[in-house]
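I have placed the structure first, in the form of structure tokens, so that the comments after it can refer back to it.
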2 protein chains.
Amino acid sequence: MVERHAPPLDAVFHALGDATRRRMLRELAEGERTVSQLAAPFPISLAAASKHIKALEGAGLIRREVRGRTHLCRLEPAPLSHAHEWLGFYERFWTGRLDALERLLREEDAAAPPTKDGDDR
Amino acid sequence: MVERHAPPLDAVFHALGDATRRRMLRELAEGERTVSQLAAPFPISLAAASKHIKALEGAGLIRREVRGRTHLCRLEPAPLSHAHEWLGFYERFWTGRLDALERLLREEDAAAPPTKDGDDR
DNA sequence: CGAACAGTCAACCGATTTGTTGAATGATGA
DNA sequence: TCATCATTCAACAAATCGGTTGACTGTTCG
């Protein structure tokens, strides 16, 4: 009930698909930053940086506290956690270990039709 | 030496920023699939699906073996692992645990700029 | 008050994305 | 051989993206 609308994975991954925004997140990992502070390292206009920040906010990756004329941004980790979990599904493919479940899936595949499980998450 | 060119995180996250492509990856987690098989669940043209697959390939997320007139696709986990690692950096923000490093970072940030005057800048 | 500051908004631009359709390529198989 | 199958390619359109500039809103402060 405290949960906001879960930010769609689409928006999260899209936001992460830009190096500028990823660098902003790294910066925010070290503490709160204003919009100007976030924009400073980049050779782009403040308006452009503002758009990046709005993209991060739209993906739920940061939240903002308006304090007088400055906007304080801080990291919002939940969507990062979701993305991390999503990727975690594939962990067994890069760890050397083939467990029983994976072996089962792979063999099942060689013989049976798809399981029409229809889940994009 | 066996490593290929590391696919840029940009391309990986961008590829993941689309539900169609994520569903294709999920499908590939169950085994090899041809282009037609990957395209089948989606209400888009084969050409469009082919473009999605090229995006996945370009991000290094799949590799393809041409076998006669069909193209067999299989999951390539390395870039997923890299993305997972990148997100792992933020893990301390969503696990409750505050370790020494994080506490250090946060305090450093809170104390640095002001001239003891206060936080009203 | 009035100037300077922090930030957004709106309009615009060029490049990229995602989809379409129709033609092309190349392998398969009766 | 010839039709068919699997897939890509090329050209196009609409939407989105990432950037710009200039005007605007609201806050701070001399």
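Just so it is clear: chains get the letters A, B, ... in the order the sequence lines come, proteins before strands, and each one is counted from 1.
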- Message: From CG of Leu72(A) over to C1' of dA6(C), roughly how many Å is that when rounded to an integer?
- Response: 12 Å
- Under 4.0 angstrom, heavy atoms only, what part of the nucleic acid is Ser45(B) near: base, sugar-phosphate, or nothing? base
- Message: Listing request: all salt bridge (Lys or Arg N to Asp or Glu O under 4.0 Å) pairs with a residue in residues 50-60 of chain A, at least two apart in sequence or in separate chains.
- Response: Glu57(A)-Arg64(A)
- Item | Residue pairs passing the salt bridge (Lys or Arg N to Asp or Glu O under 4.0 Å) test where at least one lies in residues 76-86 of chain B, sequence neighbours excluded | Arg63(B)-Glu76(B)
- Task: Could you tell me whether Ile44(B) contacts a base, only the sugar-phosphate backbone, or nothing, with contacts defined as non-hydrogen atoms closer than 4.0 Å?
- Result: sugar-phosphate
- Query: Starting at CG of Leu46(B) and ending at C1' of dC9(D), how long is that distance when rounded to a whole Å?
  - Reply: 12 Å
- Distance test, side-chain N/O of His71(A) to OP1/OP2 of dA6(C), below 4.0 Å: no
- Whole-Å distance between dT16(D) C1' and Asp10(A) CG? 13 Å
- Using a 4.0 Å heavy-atom cut-off, write out nucleotides 22-30 of chain C from 5' to 3' as B (base contacted by protein), S (sugar-phosphate only) or - (no contact). ----BBS--
- Sequence neighbours excluded, the answer for side chain to side chain contact (heavy atoms under 4.5 Å, CB included) partners of Thr20(A) is Asp18(A), Met24(A), Phe42(A), His52(A)
- Query: Got a sec, which residues hit side chain to side chain contact (heavy atoms under 4.5 Å, CB included) with Ala19(A), two or more places apart in sequence or on another chain?
  - Reply: Arg22(A), Asp10(B)
- Message: Checking Val12(B) against Leu16(B) for the side chain to side chain contact (heavy atoms under 4.5 Å, CB included) test, could you report, in this order, the C-alpha distance in whole Å, the side-chain angles of both residues, the deciding distance, and whether it holds?
- Response: CA-CA 6 Å; Val12(B) 175; Leu16(B) 295 179; 4.2 Å; yes
- Message: Restricting to side chain to side chain contact (heavy atoms under 4.5 Å, CB included), what partner residues turn up for Ala55(A), sequence neighbours left out?
- Response: Arg21(A)
- Scan residues 16-25 of chain A against DNA chain D and write down, sorted by residue number, each residue with any heavy atom closer than 4.0 Å; if none is found, say none. Asp18(A), Arg21(A)
- Message: Just to be sure I understand the geometry, which residues of residues 49-59 of chain A put a non-hydrogen atom under 4.0 Å away from DNA chain C?
- Response: Ser50(A), Lys51(A), Lys54(A)
- Task: For His14(B) and dT18(C), give me the distance from atom NE2 to atom C1', rounded to whole Å.
- Result: 9 Å
- Residues in side-chain hydrogen bond (donor to acceptor under 3.5 Å, both in side chains) with Arg26(A), at least two apart? Tyr90(B)
- Query: Can you name the side chain to side chain contact (heavy atoms under 4.5 Å, CB included) partners of Ala40(B), sequence neighbours left out?
  - Reply: none
- Got a sec, which residues hit ring-ring contact (aromatic ring centres under 6.0 Å, His included) with Trp94(B), two or more places apart in sequence or on another chain? His84(A)
